[in-house]
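Working notes, beginning with the structure itself.
Just so you know, these numbers use all the heavy atoms, side chains as well, and skip hydrogens, waters and symmetry mates. Remember, it's 1-based here, ligands and their atoms both numbered in the order they're listed.
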Amino acid sequence: MLETAIEYIKSKIADFEPEIGIILGSGLGELADEYCDIYIDYRDIPGFEVSTVSGHKGRLVFAQINGKKVVMMQGRFHFYEGHSIKKVVFPVKVMKKLGVKTLIITNAAGGVNASFNPSDLMVITDHINFMGENPLIGENDPEMGERFPDMSEVYNSKYVELVKKAGRNAGVDLQEGVYMALTGPSYETPAEVRMARIIGADAVGMSTVPEAIVASWAGMNVIGISCICNSAAGVSTVGLTHADVIKAANTAKDKFKLLIKEVIKNI
Ligand code: HPA
């Protein structure tokens with residue numbers, strides 16, 4: 001299936017060879033509207049699913065940004081949509097085969113760290129996989145990566161520093177911290193958020209970790225950026241809705257785009 005997808009995509013993009021991949025999270029897809037040289041709808045790509053979440057468009061966008069060749073996922077597949085974990089990470093394997101060296105994974109997340117505010121951006125320094133699933137379960141493909149991949153530096157400190165420097169250059173304030181992934185689609189209870197804090201999380205969300213595991217396994221440099229869209233349950237007394245999450249992502253989208261463009265420049 002992977003080979004069929006690659007063949008199809010290559011037939012559409014000719015000799016365009018992306019070196020950077022970006023997965024655009026909920027409400028953060030606008031970068032791919034601004035920069036779009038070629039696009040392919042997910043529904044046309046063999047092996048791809050269709051994203052069912054509002055705030056996600058569902059296409060693969062190819063563009064040149066700040067002199068770099070980039071492929072963007074405008075919308076991703078979530079485990080909570082009922083896709084198998086293998087389907088969730090399939091596009092990452094496709095990006096690897098297309099030649100992507102560095103993958104920027106973005107998401108909307110809830111702030112567990114009480115010092116975070118809605119619309120803050122957080123560079124991910126590490127993650128906790130609390131999904132009860134691992135995308136590498138099953139037969140290993142040794143051409144992509146090893147059976148027992150080391151996860152001690154998924155978000156390489158060199159790249160965390162690169163993002164922080166890009167933030168300074170672009171005048172965008174950044175938080176940093178550990179992202180913990182749960183399956184969703186229900187948001188966490190206050191007790192679960194207290195647990196998340198105790199075990200070392202700064203933010204909680206429903207994505208990113210499967211893609212980061214596969215990208216790291218396949219030898220890609222991984223950068224993670226969360227848009228803190230709300231205080232997680234119990235951290236503030238306000239209830240949360242998907243509409244609030246999208247609204248906060250909207251507030252953050254201009255500085256998010258500035259940051260990503262500066263990051264791309266520095267890769
Ligand atoms: N929890 C999990 N995922 C999220 C949240 C949250 O509070 N906000 C945005 N995505």
Within less than 4.0 angstrom of ligand 1, does Cys229 place any heavy atom?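 Heavy atoms of Cys229 never come under 4.0 Å of ligand 1.
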If only side-chain N and O atoms count, and only distance matters, is there a donor-acceptor pair under 3.5 Å linking Asn140 with Trp217?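 A donor-acceptor contact under 3.5 Å links the two side chains.
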Side-chain donor-acceptor pair under 3.5 Å between Lys247 and Asn250, yes or no?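 Looking only at side-chain atoms, Asn250 and Lys247 do not form any donor-acceptor pair under 3.5 Å.
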When you look at CZ of Phe16, are more than 12 heavy atoms from neighbouring residues, nucleotides or ligands closer to it than 6.0 Å? yes
With rounding to the nearest 0.5 angstrom, report the OH to CG distance, Tyr8 to Asp44.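 Going from OH on Tyr8 over to CG on Asp44, the span is 4.5 Å.
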A student checking ligand 1 against Met206 at a 4.0 Å heavy-atom cut-off should list atoms 2 (C), 3 (N)
Top protein contact for [atom], by heavy-atom distance:
atom                    : value
atom 3 (N) of ligand 1  : Gly205 CA, 3.4 Å
atom 10 (N) of ligand 1 : Ala108 O, 3.3 Å
atom 2 (C) of ligand 1  : Glu188 OE2, 3.2 Å
atom 7 (O) of ligand 1  : Asn230 ND2, 2.9 Å
atom 5 (C) of ligand 1  : Gly110 N, 3.4 Å

Heavy atom under 4.0 Å from ligand 1: found in Ala109's side chain, backbone, both, or neither? backbone
Between Asn107 and ligand 1, which residue portion shows a heavy-atom distance shorter than 4.0 Å: side chain, backbone, both, or neither?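 The answer is neither; Asn107 stays 4.0 Å or more away.
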So, do Tyr179 and His127 have ring centers that fall under 6.0 Å from each other? no
I want to know whether Phe77 and Tyr42 have ring centres closer than 6.0 Å. yes
Any idea which heavy atoms bring Gly167 and Leu174 closest together, and the distance?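 So the two residues come closest at CA-CD1, 4.2 Å.
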